[in-house]
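Below is one structure, written out as structure tokens; comments come after it.
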Amino acid sequence: MALKFGRKPPKNAPALKLGDVLTGTVPTHPLSSDFLNIGGWQMLGNDTHGDCVAVTWANERRLLSRLGGSEVYPNQDQVYTFYKTQNPNFPSQDDGMDIQTALESLVKDGGPDGTKALAFAKVDHTNKDEVKAALAIFGCVWTGVYV
């Protein structure tokens with residue numbers, strides 16, 4: 001099986017924009033934050049299937065639950081279950097995932113671990129202060145590169 005890069009091109013659907021929520025003013029935030037120094041990150045199939053969007057969900061779920069005081073790290077089966085929300089015939093057919101569709105699903109239905117996201121917002125990647133503020137406030141920014 002030829003390796004897939006795991007991400008579909010963005011669908012560019014309407015979405016809440018973080019800058020609009022911040023009312024044009026980026027809040028005070030630390031000059032730097034290091035949320036990744038916890039170690040033990042797993043590939044969860046991204047090294048064999050390219051399920052990067054589903055793995056990002058698992059890793060962000062781990063990070064945010066840890067910051068909230070009770071770490072939950074979705075397992076391989078949960079990652080594949082989430083991947084199948086956009087790839088019902090995986091692994092025989094692998095068409096990648098759209099990040100916004102994945103986020104919409106997490107808000108509407110929740111992840112395979114039963115946890116729903118409250119909301120998501122687009123961050124203006126060209127506004128360095130907005131990106132830094134989003135990282136400081138939320139602990140992560142979900143990014144993707146379409147190859």
Considering non-hydrogen atoms only, spot the tightest contact between [X] and [Y] and give its length.
{"X": "Met97", "Y": "Thr85", "answer": "CE-OG1, 3.9 Å"}
{"X": "Gln42", "Y": "Val55", "answer": "O-CG1, 4.1 Å"}
{"X": "Val123", "Y": "Ala134", "answer": "CG2-CB, 3.9 Å"}
{"X": "Ser65", "Y": "Arg62", "answer": "OG-O, 3.1 Å"}
{"X": "Thr126", "Y": "Asp124", "answer": "OG1-OD1, 2.5 Å"}
{"X": "Val53", "Y": "Trp142", "answer": "O-CZ2, 3.3 Å"}

Is there a donor-acceptor pair under 3.5 Å between the side chain of [X] and the backbone N or O of [Y]?
{"X": "Gln100", "Y": "Lys11", "value": "no"}
{"X": "Asp98", "Y": "Thr101", "value": "yes"}
{"X": "Gln76", "Y": "Leu44", "value": "yes"}
{"X": "Asn87", "Y": "Asp94", "value": "no"}

Verify the cluster assignment for [X] and [Y]: are they in a single hydrophobic cluster under the rule of side-chain heavy atoms below 4.5 Å apart?
{"X": "Val79", "Y": "Val72", "answer": "no"}
{"X": "Val141", "Y": "Phe138", "answer": "yes"}
{"X": "Ile99", "Y": "Val107", "answer": "yes"}

Q. Could you go step by step and tell me if Leu135 and Val131 meet the side-chain contact (heavy atoms from CB on, under 4.5 Å) rule?
A. CA-CA 6 Å; Leu135 285 167; Val131 172; 4.2 Å; yes

Interatomic distance, [X] atom [atom1] to [Y] atom [atom2] [nearest 0.5 angstrom]:
{"X": "Leu106", "Y": "Phe120", "atom1": "CG", "atom2": "CZ", "answer": "9.5 Å"}
{"X": "Leu67", "Y": "Ile38", "atom1": "CG", "atom2": "CD1", "answer": "7.5 Å"}
{"X": "Asn59", "Y": "Leu64", "atom1": "CG", "atom2": "CG", "answer": "11.0 Å"}

Give a yes or no on whether the ring-centroid distance for Tyr83 and His49 is below 6.0 angstrom.
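Ring centres of His49 and Tyr83 not closer than 6.0 Å.
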
Check your understanding: Taking C-beta and beyond as the side chain, do Arg66 and Tyr73 meet within less than 4.5 Å on heavy atoms?
Key ->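 Arg66 does not reach Tyr73 side chain to side chain.
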
Pairwise side-chain contact, Leu63 with Trp41, heavy-atom cut-off 4.5 Å (strictly under)
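The answer is yes; the side chains approach within 4.5 Å.
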
Which label fits Phe82 and Trp57: parallel for a plane angle under 30°, tilted from 30 to 60°, or perpendicular past 60°?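 Ring orientation of Phe82 relative to Trp57: tilted.
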
